[in-house]
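Inspection log for the structure reproduced underneath, given as structure tokens.
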Amino acid sequence: QLQLVESGGGLVQAGGSLRLSCVASGRTFRMYTMAWSRQAPGKEREFVAIISWRGGSSISYADSAKGRFTISRDNAKNTMYLQMNSLKPEDTAVYYCAQRRAPYDDGYSRDEKEYYWGQGTQVTVSS
């Protein structure tokens with residue numbers, strides 16, 4: 001049974017940094033494209049970054065994340081990360097880890113139905 005457990009959220013001042021982690025268990029991690037998504041109060045869920053099962057440079061970022069956020073994965077640790085720098089109050093949201101349902105699935109789909117989801121971790125950026 002797949003489990004996705006996020007950690008690393010918290011309260012940070014604007015301009016600060018946080019690193020989120022997502023530990024996956026229950027399936028062979030290296031086979032699956034992974035993603036970070038977020039949802040702010042009253043807003044739709046937004047895919048922040050997606051990293052292909054291929055790893056490396058096979059990454060897609062939302063415009064809001066480009067230049068500030070870095071997604072990465074460590075297949076040996078079954079863990080995905082999101083390094084967030086230069087945080088802004090508008091980055092405040094619940095951040096969710098997601099794993100594609102299908103293995104070896106290329107592309108950067110932003111269809112929520114194609115993913116399994118973690119419980120989320122709260123990130124709050126104060127001004």
Side-chain angles (χ1 to χ4, degrees):
Q1 182 178 355
L2 175 66
Q3 280 196 314
L4 300 170
V5 180
E6 304 97 334
S7 62
L11 173 64
V12 63
Q13 288 189 330
S17 298
L18 282 174
R19 188 175 83 153
L20 306 183
S21 300
C22 170
V23 178
S25 61
R27 301 204 298 178
T28 304
F29 182 77
R30 59 176 174 79
M31 294 169 58
Y32 296 94
T33 291
M34 300 292 295
W36 287 102
S37 182
R38 68 185 182 185
Q39 188 165 23
K43 294 189 176 181
E44 292 186 356
R45 188 173 291 191
E46 172 193 25
F47 275 87
V48 174
I50 302 169
I51 183 166
S52 169
W53 62 272
R54 299 180 186 275
S57 60
S58 299
I59 290 170
S60 175
Y61 290 104
D63 288 344
S64 59
K66 287 178 182 176
R68 299 188 300 127
F69 293 3
T70 302
I71 189 172
S72 61
R73 64 189 295 160
D74 185 338
N75 290 341
K77 296 182 178 180
N78 293 343
T79 302
M80 174 180 64
Y81 304 98
L82 185 68
Q83 177 66 44
M84 304 187 294
N85 299 328
S86 303
L87 283 162
K88 305 174 182 180
E90 51 263 44
D91 294 318
T92 295
V94 177
Y95 284 70
Y96 296 93
C97 168
Q99 186 178 81
R100 286 281 272 279
R101 291 178 179 266
Y104 303 121
D105 199 350
D106 287 318
Y108 304 111
S109 173
R110 285 162 168 77
D111 184 345
E112 294 181 21
K113 297 187 297 295
E114 294 189 10
Y115 293 85
Y116 292 114
W117 295 91
Q119 293 300 305
T121 185
Q122 176 70 45
V123 171
T124 303
V125 184
S126 63
S127 57

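Residue numbers start at 1 and run along the sequence shown.
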* To do: Specify the closest pair of heavy atoms between M80 and A35, including all atoms of both residues, with the distance to one decimal.
  => CE-O, 3.2 Å
* Picking from Y108, Y104, Y32, F29, what satisfies ring-ring contact (aromatic ring centres under 6.0 Å, His included) with W53? -> Y104
* Compare all side-chain heavy atoms of V12 with those of M84 and state whether any distance is below 4.5 angstrom. => no
* **Test log, rule side-chain contact (heavy atoms from CB on, under 4.5 Å), inputs Q122 and T92** => CA-CA 8 Å; Q122 176 70 45; T92 295; 4.0 Å; yes
* Compare every heavy atom of L82 with every heavy atom of W36, then report the nearest pair and how far apart it is. => NE1-CB, 3.4 Å
* **Smallest separation among heavy atoms of G55 and R73, with atom names** => CA-CD, 4.3 Å
* To do: Answer yes when K66 and D63 have at least one side-chain N-carboxylate O distance shorter than 4.0 Å, and no when they do not.
  => yes
* To do: Over all heavy atoms of both residues, which pair between E6 and C97 is shortest? Give the atoms and the distance, please.
  => OE2-N, 2.8 Å
* Structure fact -> Residues S17 and N85: closest non-hydrogen pair is OG-OD1, 2.9 Å
* Asked: Which pairs pass disulfide (SG to SG under 2.5 Å) with one or both residues in residues 31-68, sequence neighbours excluded?
  -> none
* Asked: Does anything in residues 94-103 pair up under salt bridge (Lys or Arg N to Asp or Glu O under 4.0 Å), and if so which pairs, sequence neighbours excluded?
  -> R100-D105, R100-E114
* To do: Test R110 against I50 for side-chain contact (heavy atoms from CB on, under 4.5 Å), laying out the working first.
  => CA-CA 9 Å; R110 285 162 168 77; I50 302 169; 3.7 Å; yes
* To do: Give a yes or no on this: more than 12 heavy atoms of other residues, nucleotides or ligands lie within 6.0 Å of atom CD of Q3.
  => no
* Asked: Should S7 and T121 count as side-chain neighbours, where that means a heavy-atom distance under 4.5 Å?
  -> no
* Asked: Is Y116 reachable from V48 through a run of I, L, V, M, F, W or Y residues, each pair having side-chain heavy atoms under 4.5 Å apart?
  -> yes
* Kindly state each residue pair satisfying salt bridge (Lys or Arg N to Asp or Glu O under 4.0 Å) with at least one member in residues 9-37, sequence neighbours excluded. => none
* Asked: Are V23 and V94 grouped together when hydrophobic residues (ILVMFWY) are joined by side-chain heavy atoms under 4.5 angstrom apart?
  -> no
* Asked: Roughly how far, to the nearest 0.5 Å, is CG of D91 from CZ of R38?
  -> 4.5 Å
* Asked: Is the CD atom of E90 crowded by more than 12 outside heavy atoms at less than 6.0 Å?
  -> yes
* Asked: Roughly how far, to the nearest 0.5 Å, is the OG1 atom of T33 from the CD atom of Q99?
  -> 9.0 Å
* Asked: Once you round to the nearest 0.5 Å, how far does OG of S127 lie from NZ of K88?
  -> 14.0 Å
* Mind running side-chain contact (heavy atoms from CB on, under 4.5 Å) on Y96 and L4 for me, showing each step along the way? => CA-CA 9 Å; Y96 296 93; L4 300 170; over 6 Å; no
* Decide side-chain contact (heavy atoms from CB on, under 4.5 Å) for S21 and K77; before the verdict, give the C-alpha distance in whole Å, the side-chain angles of both, and the deciding distance to 0.1 Å. => CA-CA 11 Å; S21 300; K77 296 182 178 180; over 6 Å; no
* So, for F47 and W117, which heavy atoms are closest and what is the spacing to 0.1 Å? -> CZ-CH2, 3.7 Å
* Is there a donor-acceptor contact under 3.5 Å from the side chain of Y81 to the main chain of T70? -> no
